[in-house]
Structure formats: C-alpha cells, structure tokens
Participant: 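My structure is below; once you've seen it, I'll send some questions.
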Amino acid sequence: MYVGEIEVRYDPKTIEARWQSIWERDGAFKASRDAQGAKYYVLEMFPYPSGKIHMGHVRNYSIGDVLARFLTMRGCNVLHPMGWDSFGLPAENAAIQHGIHPANWTRENITNMKTQLKRMGLGYDWDREVATCLPDYYKWNQWIFLKLFEKGMAYKKRSSVNWCPSCLTVLANEQVEDGLCWRCSTIVDAKELEQWFLKITAYADELLDCTYKLPGWPEKVLVMQRNWIGRSEGAEVSFKVDGTDEAIKIFTTRPDTLYGVTFMSLAASHPLLAKITTAERKADVEAFAAKVKADRRVNRGAGEEIKEGVFTGAYCINPLNGDRAPVYAANFVLMEYGTGAVMAVPAHDQRDFEFAKTYGLPVRVVINPPSQTFDTDAMECAYADEGVMVNSGRFNGMKNTDAMKGIVKLLEEKGVGKGSITYKLRDWGISRQRYWGCPIPIVYCQACGAVPVPYNDLPVVLPEDVSFTGKGLSPLVESPGFIGVKCPKCGSKARRETDTMDTFVDSSWYFLRYCSPMATGLPFDKKDAEYWMPVDQYVGGIEHAVMHLLYARFFTKALRDLGLHGFDEPFTNLLTQGMVCKETQKCPEHGFLFPEEAAGGKCGRCGHPVEAGAVEKMSKSKKNVVDPDKIIEKYGADTTRLFSLFAAPPEKDLDWSADGVEGSYRFLGRVWRLVNENLSAVKGVKAYDPRPGGVLSSDAQDIRRITHETIKKVTHDIEERFHFNTAISAIMELVNALYIFNPCRDGASPEDAGLRVFMESLNAVVALLTPFAPHIAEELWEKLGHTTALHKARWPVYDEAALKRDSVLVVVQINGKVRGKINVPPGSTEDAVRGMALGDEKVKEWTRDKTLKKFVYVPNKLVSMVVS
RNA sequence: GCGAGGGUGGCGGAACUGGCAGACGCGCCAGACUUAGGAUCUGGUGGGCAACCAUGGGGGUUCGAUUCCCCCCUCUCGCACCA
C-alpha cells in the first residue's frame with residue numbers, strides 16, 4: 001500500500017467516547033417543533049429497566065437509530081426519544097429477595113442502562129426521557145383514569161378473574177398464555193374479586209375496523225389483533241325452560257339453523273344450572289361441574305377433549321316451533337364467551353353432532369346442500385355450509401343465507417330474540433395487588449362508596465415507608481399512612497384503594513408524553529402531540545402484537561374522545577423485529593453452559609466435550625446469551641451495531657455468531673485503513689465534480705459509477721425496504737472496489753481526476769456508513785477534511801449521469817441455456833442486438849445448421865433464442 | 001384442526017415487478033508480505049472429470065421459474081372447543 005503513512009490503528013474505544021461527548025456537547029439529537037423539514041417520529045419500545053441491556057435491545061435500538069440518523073440526514077425533523085417502562089414486578093421481587101427498595105433498585109438500573117445505551121452511540125433526545133415510575137409521569141395515569149371514570153369508561157365489578165398464585169396478582173386475559181402466567185409461567189387460577197376495568201370493549205368495533213386502515217403494519221399483527229377482538233355477528237335467543245319462569249339466553253351465529261335445535265348445552269359453571277336441574281339429576285350435574293372445573297385446570301390449552309355432558313332433567317322450548325329440547329351441561333361450552341349457553345344443532349355443527357352421537361340425541365336437518373337431500377341416519381359429520389332450508393316452517397325453500405335475516409326479524413317480532421354481536425375481547429382488568437405500580441386514585445367511604453381523588457390532590461404518591469415480606473397482600477395494605485384518608489366528599493373516615501394499575505397502562509400513552517415531557521396542566525400538550533404524532537415508525541418485538549399494541553391503540557382513541565388530541569391511531573408504520581438467537585451448548589453432566597463456560601469446546605467444570613444444541617432465542621435459562629457490554633468492550637459499539645444489522649433483515653430472527661462479529665469488525669478496520677492509508681494522498685483534494693469535468697480513465701469512470709450505484713442502492717434499501725443487510729453489503733462491495741482502484745500513486749497531483757473521483761468515493765463510503773456505524777464515520781469524515789460534523793451533513797445524492805454505462809452485458813440463452821455473453825451499447829435496438837448475438841462466436845457454435853424458431857430480447861439484459 | 005410465514009452452498013444470507021441462482025459476510029484453500037502471524041493484502045471456493053446437475057419433493061404455465069399455478073413433505077409462529 002501507500003508508503004510513508006504513520007500507522008494509526010482503528011481504536012473504537014477512543015473514537016466512540018470522543019464522538020459521544022461531542023454529540024452530547026452539540027445537543028445533536030435534540031428535537032424541536034420549530035426545526036426545518038418534515039416531521040418524522042421514530043420510536044422503539046422503551047425497555048423495562050431490569051438491570052442490563054440485552055442483545056434484543058441492541059438490535060431493536062440499532063434498527064431505530066439507523067432510521068433516525070438516516071432521516072435526519074435526509075433533512076427530516078426527527079423525534080427519537082427514549083425512556084423507561086419502570087414499574088413492575090421484578091423491582092418488587094428484588095426488594096423481597098435483597099432488601100433493596102424498588103425505587104432505588106429501579107433508579108440504579110436506569111442509570112446503568114442509560115450509560116449502556118449512550119455507549120451504543122444511540123442518538124436519543126434525552127431531554128425527553130420519561131420514567132413511568134416517577135410521580136411526574138404516573139400522576140397523568142391517575143388523571144386519565146379519573147377522566148375515564150367520569151365517563152363510565154373505568155368501572156369496578158366483581159368477577160372471576162385470572163389469578164397468578166406466584167405473582168400474587170390478577171392478570172388480564174391477554175396476559176394468560178395457554179393457561180399460564182405470561183411472566184412466570186405459573187398455572188393461572190380463577191378467583192372472584194372486585195376489580196377495576198377499563199371499557200376497551202366500547203372501542204371493539206373501531207379497533208377492529210382500523211386494522212383495515214393500517215397498511216404500514218405487518219399483516220400478521222393485524223390478523224392477531226382481529227382474532228383477539230373476535231367479533232361475530234349473530235342473534236341472541238331466549239329459550240323458556242319448560243315448567244319454570246326461567247329462560248336460557250343463547251348466542252348463535254347461525255339463526256338460520258334455529259329449527260334444527262334438538263337439545264341445549266350449558267357451560268358447566270352456568271348460574272342457571274343450579275336452578276333448573278331436577279332433584280334426581282342434581283348429584284350427577286354437580287359431580288360433572290366439579291370434574292369439568294378440575295379438567296380445565298389440568299388440561300388447559302391441551303386441545304381437543306372428548307365432548308362430554310350430563311342431562312339436567314330440564315327441557316326448554318324452541319321459541320319458533322315450540323319443540324321441547326333436553327337441556328345438558330356440556331364440557332365444551334365456555335362460560336366466558338357469548339352467554340355461556342349454546343343451542344345445539346347437531347345436523348349443522350360438528351361439536352353438537354359429536355355430542356348427539358355420543359348421547360343418542362336426535363339429528364334434524366334444516367339445510368340441504370344445493371342438489372342433495374340428507375339422510376339423517378347416513379350423516380357422518382355436520383353440514384356447516386350453505387344450502388336450502390327444510391323443516392323450517394315458512395322459511396322452507398329459501399337459501400339459508402337469505403333466511404338468516406328473516407328469522408332474526410321473526411325473533412324480534414315475537415320478542416324472543418334479536419340480532420346481536422359478540423366479541424371475544426373482554427374489558428381490560430387493570431387492578432394489580434402489587435406495590436410497585438401506579439396507585440389507583442380512588443377512596444372508599446362507608447357513606448359515599450368509591451370516590452375519585454380530586455384532581456388537585458394528584459398525584460397519589462406511592463409511600464416509600466413500606467416493608468417487603470413477599471407474604472400476604474400488597475405492602476400498601478400494611479401502610480397506615482397510605483390507607484388512612486378522609487373521604488373527599490363527606491370528610492368522614494375512609495380507606496384508600498390499595499390496588500395499583502397494570503403496567504400496560506403506563507406504556508399505553510408514553511409516546512404521547514414524549515411529545516411534551518414537561519407539560520404540567522395536561523398529560524401532554526395538544527399542539528405538540530398533533531405536530532409529532534402519530535409515530536411514523538414504531539419498532540419492537542412481535543411479543544407485543546396483541547397486548548401493548550392493542551392497549552396503546554385503545555388509549556389513543558379514548559384520549560382522543562376526551563378531547564386531548566385529534567388523531568385515531570398512534571403508530572402509522574410498525575416494524576416487528578425478529579428474535580436474537582444463538583446455538584445452545586450443553587454438558588451431559590452440568591446441563592446448559594454459558595459461552596464462557598464452554599470455552600475450547602469443553603465444559604469448564606468437568607472437561608467433558610460440549611454438545612452443540614439447537615439455535616434458540618437467547619435466554620438466561622438456556623444460557624445461550626451474549627452480553628452486549630462484553631462485545632462493545634472488545635469490538636466497540638459500531639461493530640456491535642453493524643453486525644446486528646448485517647446478519648439478517650430486521651424482521652427475521654438473527655443467529656448470533658462470534659465469527660460474524662469478527663467479520664464486521666474486520667470490515668470497519670478495512671474502511672479505517674482505506675481512508676487512513678491514503679490520507680496524505682487525498683489531502684486537499686477536492687471531490688470530483690462532473691460540471692467542470694475532467695477526463696476520466698475508464699477505471700475512474702467505473703468507480704464513479706459503482707459509487708453512485710451504491711448511493712442509490714443503500715438509500716433505497718434503507719428507505720423502502722429496511723433491508724440494512726443488503727445496504728451494508730453494497731457498501732462492502734464499494735470498499736472492495738476502492739481497494740483495487742487505488743489511484744494514490746506517488747506523485748499523483750491533487751488535480752488528478754482519478755484522485756478526485758477517489759475522494760468523492762471515500763466521502764460517499766463514510767457518509768453511507770453513518771447510520772450503521774456513526775462513530776467511525778464521524779472520525780473518518782473529520783480526517784477527510786470536513787469541518788462540518790457528519791450528523792449535521794446531508795445524505796449523499798446519486799448523480800444520474802454517473803450511472804450511465806458505455807456498454808451493457810447481455811446474456812444469450814439458446815433453448816433456455818446460457819450459451820454466450822455479448823457487450824452491446826445500452827439502448828440498442830432488437831435488430832442490432834440480434835445481429836450481434838448471431839455474430840458471436842460461441843453463439844454461432846450452438847446455432848450452426850439450426851433454424852431460429854423464436855427470438856426474445858429483454859432490453860439491456862438478455863437474449864433468448866429457440867433453435868432446432 | 002384453522003390462520004400466517006419460512007425451506008436456496010459447510011454456515012448467516014442475496015436475487016426490486018419471471019430474465020446469468022448463490023451478491024455480501026463467515027468458514028475453508030492457495031499465494032504475497034513477514035522471525036512469526038489468529039494481523040494485513042491478493043486470488044479461489046455449490047456439486048460433477050465432463051456433458052451436465054442444482055433453490056424441500058413432484059407436476060404444470062413459459063423462450064425462460066427461487067419468483068406464477070396445482071399437489072405433497074417439513075419447520076417456525078399465532079389461534080385453538082369462540083357457539
């Protein structure tokens with residue numbers, strides 16, 4: 001290489017510290033409404049301050065930072081904030097286990113993690129930092145709660161709730177996965193409790209409809225939300241219980257099959273069961289109910305069970321045809337959905353069919369397929385498709401789809417039913433029997449009942465003088481100073497609510513607080529919110545597809561209806577990044593091993609050869625984790641970021657590979673040397689400018705073309721596709737080409753056009769690298785003689801003229817096989833290309849003595865000939 | 001079972017609307033510089049001696065298919081008695 005340079009080693013540690021402090025000094029990432037350019041709000045899901053950042057964070061925040069830095073360089077007015085989802089169970093557990101107060105534990109973790117994020121070189125506007133555990137923030141949770149309470153959107157009810165016996169708290173339905181607690185995987189119990197609920201169901205339709213207006217979201221997430229909301233249209237029908245005043249209310253999506261009802265199924269926990277069961281059936285029904293309850297606990301999520309039931313002795317009357325149908329309790333009917341009772345139409349519902357076969361109940365066909373008549377005895381399964389109505393009174397002969405409306409109308413006329421819509425979505429239970437959360441601002445008074453804390457008294461601050469035993473109820477219950485309060489209404493002795501809010505409440509509006517973190521009169525300033533919102537690009541893990549993203553959407557709509565802002569949806573575009581995975585390592589003796597325990601392929605404890613396991617999501621339990629701190633320590637933040645972006649496209653899972661990190665480090669070293677080793681040669685050289693021009697050698701012309709092609713590709717890959725991996729590989733190719741080009745011969749004058757092209761290319765490499773590896777880019781930018789820092793510089797724009805080629809390579813296929821390649825001037829006519837193709841020596845060999853049957857020309861790309 | 005998304009070299013992954021399959025990186029091989037190099041630089045690297053064969057398997061459409069259509073296998077994720 002170039003002789004006479006003083007070798008300057010690539011030393012990420014020094015460079016990175018230096019630029020981080022310069023950025024801080026310059027306030028490089030401070031966002032302001034008054035700044036120039038179109039607003040762009042980039043947001044990554046804020047972390048829970050568990051102590052240390054992990055590779056998932058590194059990936060998440062690297063992706064966000066690429067976008068934020070790129071868009072800033074593109075001239076956008078970017079808001080890129082960060083904060084802490086800092087209420088939650090781990091802090092309380094730490095208090096119980098180590099005697100540290102949750103507030104202190106959380107504060108320390110935030111300090112540590114903030115340092116880590118800064119060391120990553122992430123460009124956040126820290127002036128907007130929010131921490132949900134601070135009274136400044138959670139005061140507004142309480143404020144919002146009171147507003148919702150006033151509107152009847154927050155209400156209290158006694159109901160069966162999901163209780164996690166390990167977390168000692170209630171869980172929302174969304175927080176129960178396969179019957180297990182989403183956090184600790186303990187089997188969830190049912191428990192009757194008085195709880196606060198938010199009426200998310202009031203927004204069920206809007207939440208559902210808007211999923212069709214979010215083209216920037218992954219279809220997968222939208223489908224999951226739609227399924228979760230689970231809207232079904234149908235009818236509610238009342239069936240009188242024969243000989244009593246009771247009526248069973250059912251929900252059905254198939255009112256057209258009403259004439260085919262041959263029995264009735266109630267959930268085993270249906271409240272009517274006790275009333276209608278006859279004396280002689282009582283013992284059986286109770287035993288059955290107990291069995292179902294026990295099975296649910298053991299078998300939840302286990303899939304299809306055998307359909308079982310027991311006769312109650314009661315009969316109900318079909319309101320349309322007066323038929324008497326036996327009432328059963330059945331294990332497949334869920335109390336939580338619809339009305340907990342199902343009319344059974346075995347001919348047209350598979351579950352009812354199986355049940356009827358088991359218990360010898362009649363099957364009555366009311367819909368025949370278009371050109372077929374069912375023989376009831378020969379049916380092997382239910383017929384759930386469309387057809388023609390039979391055995392259905394005045395509806396006979398109609399298409400069932402047409403009869404549907406008529407039957408609902410008839411029900412309404414008779415006053416025995418009505419059209420109805422049911423959702424799977426339940427109201428959101430937000431009460432948590434925990435200390436480390438936002439207090440619910442309610443006071444209980446003997447005389448006045450549940451009284452809201454006056455707005456002036458907000459925030460209801462969490463008391464610090466509590467003890468953490470891990471036993472019994474929430475520490476707040478034991479805090480007399482907190483509990484003892486006077487009724488805001490009548491002044492008599494009252495008791496404060498001791499439940500705190502689900503932490504998902506905190507994260508349902510934090511993106512709004514970022515817009516005006518200092519707002520004092522309201523949770524956020526309307527003008528600020530309407531300027532910055534909605535978030536243009538939200539980046540986070542797929543695990544929040546339903547819970548957080550649904551709650552945040554709900555809050556956005558609820559706050560809109562409180563008049564706080566005027567938009568409908570919080571997140572225009574959503575990017576769900578894949579998980580960070582790594583191969584597990586196992587010792588037959590000692591189980592899973594951390595990477596450092598498996599050094600040299602042997603178990604650190606017993607020396608047994610390590611067995612390689614599957615590639616799985618990084619987790620402490622599998623010990624296949626890599627500590628970002630150690631990677632940053634060894635290679636620097638730029639390498640760490642670069643690798644996490646290069647190894648896979650963002651939405652896919654990423655396989656962590658130590659060798660791959662090494663490769664990214666090597667590449668940055670290569671860029672470093674490319675600039676440094678040629679520094680004295682390019683000193684004072686002006687980047688090539690095509691206007692005054694200068695004659696370029698064909699090599700220089702090629703390099704210039706590659707440079708501008710790279711600018712075009714990298715821009716496109718970041719902007720349109722988020723394919724950072726291919727963007728980075730394009731930069732690598734340019735660097736490889738520049739190593740070969742190398743015009744820095746001794747004595748090349750600064751006016752040398754080749755040298756000026758080289759300078760232009762070096763500038764491009766460095767600028768293009770900025771979003772991925774910002775520190776090294778800034779350092780090299782400075783070394784190249786720029787006086788304006790890169791973070792204030794503009795993204796390079798490609799020169800259309802530079803992309804032009806003298807000739808293009810056209811592939812010649814003969815009978816579908818590549819037989820030759822020819823260079824033709826771009827834009828050649830088909831006739832000209834045909835002549836050149838047929839004149840090519842190799843092509844001649846393959847076409848000799850053959851006749852040309854077909855000739856296809858794809859301009860500037862390919863010729864395809866068929867010969868025989 | 002239903003829904004969604006995948007299956008491409010030894011590995012991670014490229015290939016925009018059908019147009020040279022394997023970019024880029026890792027690993028591996030060779031060479032250069034070196035006392036040495038796990039540093040760096042250069043070159044090579046799907047299989048096969050070849051014709052040819054290769055994008056999970058089998059059909060189809062097409063001049064041409066990783067890409068479009070049909071059938072099957074397989075993996076991952078989500079939902080799972082939703083009436």
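The sequence lines fix the lettering, A, B, ..., with proteins before strands; numbering per chain opens at 1.
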Participant: With sequence neighbours left out, what residues match A:Asp352 under salt bridge (charged side-chain N to carboxylate O under 4.0 Å, His left out)?
Facilitator: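 Here no residue qualifies.
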Participant: Sorted by first residue and then second, give each salt bridge (charged side-chain N to carboxylate O under 4.0 Å, His left out) pair with at least one member in residues 638-660 of chain A; sequence neighbours left out.
Facilitator: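 Sorted pair list: A:Asp65-A:Arg641.
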Participant: Once salt bridge (charged side-chain N to carboxylate O under 4.0 Å, His left out) is applied, do any residues pair with A:Arg426, and if so which ones, sequence neighbours excluded?
Facilitator: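 Listed in chain order: nothing, the list is empty.
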Participant: Got a list of protein N/O to nucleotides 12-19 of chain B N/O distances below 3.5 Å?
Facilitator:
| unit_1 | atom_1 | unit_2 | atom_2 | d |
| --- | --- | --- | --- | --- |
| B:G12 | O2' | A:Ala647 | O | 2.9 |
| B:G13 | O3' | A:Asn725 | ND2 | 3.4 |
| B:A14 | OP1 | A:Asn725 | ND2 | 3.2 |
| B:A15 | OP1 | A:Arg721 | NH1 | 3.2 |
| B:A15 | OP1 | A:Arg721 | NH2 | 2.9 |
| B:G19 | N2 | A:Gln813 | OE1 | 3.3 |

Participant: By side-chain hydrogen bond (donor to acceptor under 3.5 Å, both in side chains), which residues pair with A:Asp840, not counting sequence neighbours?
Facilitator: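 Once residues adjacent in sequence are excluded, A:Asp840 has no partner under the side-chain hydrogen bond (donor to acceptor under 3.5 Å, both in side chains) criterion.
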Participant: If a pair satisfies salt bridge (charged side-chain N to carboxylate O under 4.0 Å, His left out) and one of its residues is in residues 708-718 of chain A, list it, with sequence neighbours excluded.
Facilitator: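 Of all non-adjacent pairs touching residues 708-718 of chain A, those that pass salt bridge (charged side-chain N to carboxylate O under 4.0 Å, His left out) are A:Arg705-A:Glu709, A:Glu709-A:Arg805, A:Lys713-A:Asp717, A:Asp717-A:Arg721.
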Participant: Does anything in residues 646-674 of chain A pair up under ring pair (Phe, Tyr, Trp, His ring centres under 6.0 Å), and if so which pairs, sequence neighbours excluded?
Facilitator: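 Only A:Tyr10-A:Tyr665, A:Tyr10-A:Trp672, A:Tyr635-A:Tyr665, A:Phe643-A:Trp656 qualify under ring pair (Phe, Tyr, Trp, His ring centres under 6.0 Å).
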Participant: Are there runs of at least three consecutive Watson-Crick or G-U pairs touching RNA chain B, with each pair's two distances under 3.5 angstrom? Give them by first number.
Facilitator: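 Stems found: B:1-7 with B:73-79, B:10-12 with B:24-26, B:27-32 with B:40-45, B:56-60 with B:68-72.
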Participant: With sequence neighbours excluded, tell me which residues meet side-chain hydrogen bond (donor to acceptor under 3.5 Å, both in side chains) with A:Glu720.
Facilitator: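 A:Glu720 satisfies side-chain hydrogen bond (donor to acceptor under 3.5 Å, both in side chains) with no other residue.
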Participant: Who are the salt bridge (charged side-chain N to carboxylate O under 4.0 Å, His left out) partners of A:Lys13, not counting sequence neighbours?
Facilitator: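 Only A:Glu633 meet the salt bridge (charged side-chain N to carboxylate O under 4.0 Å, His left out) criterion with A:Lys13.
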Participant: Between N or O atoms, less than 3.5 Å apart, protein on one side and nucleotides 42-50 of chain B on the other: list the pairs.
Facilitator:
| unit_1 | atom_1 | unit_2 | atom_2 | d |
| --- | --- | --- | --- | --- |
| B:U42 | OP2 | A:Arg670 | NH1 | 3.3 |

Participant: Can you name the salt bridge (charged side-chain N to carboxylate O under 4.0 Å, His left out) partners of A:Arg553, sequence neighbours left out?
Facilitator: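 Residues passing salt bridge (charged side-chain N to carboxylate O under 4.0 Å, His left out) with A:Arg553: A:Glu569.
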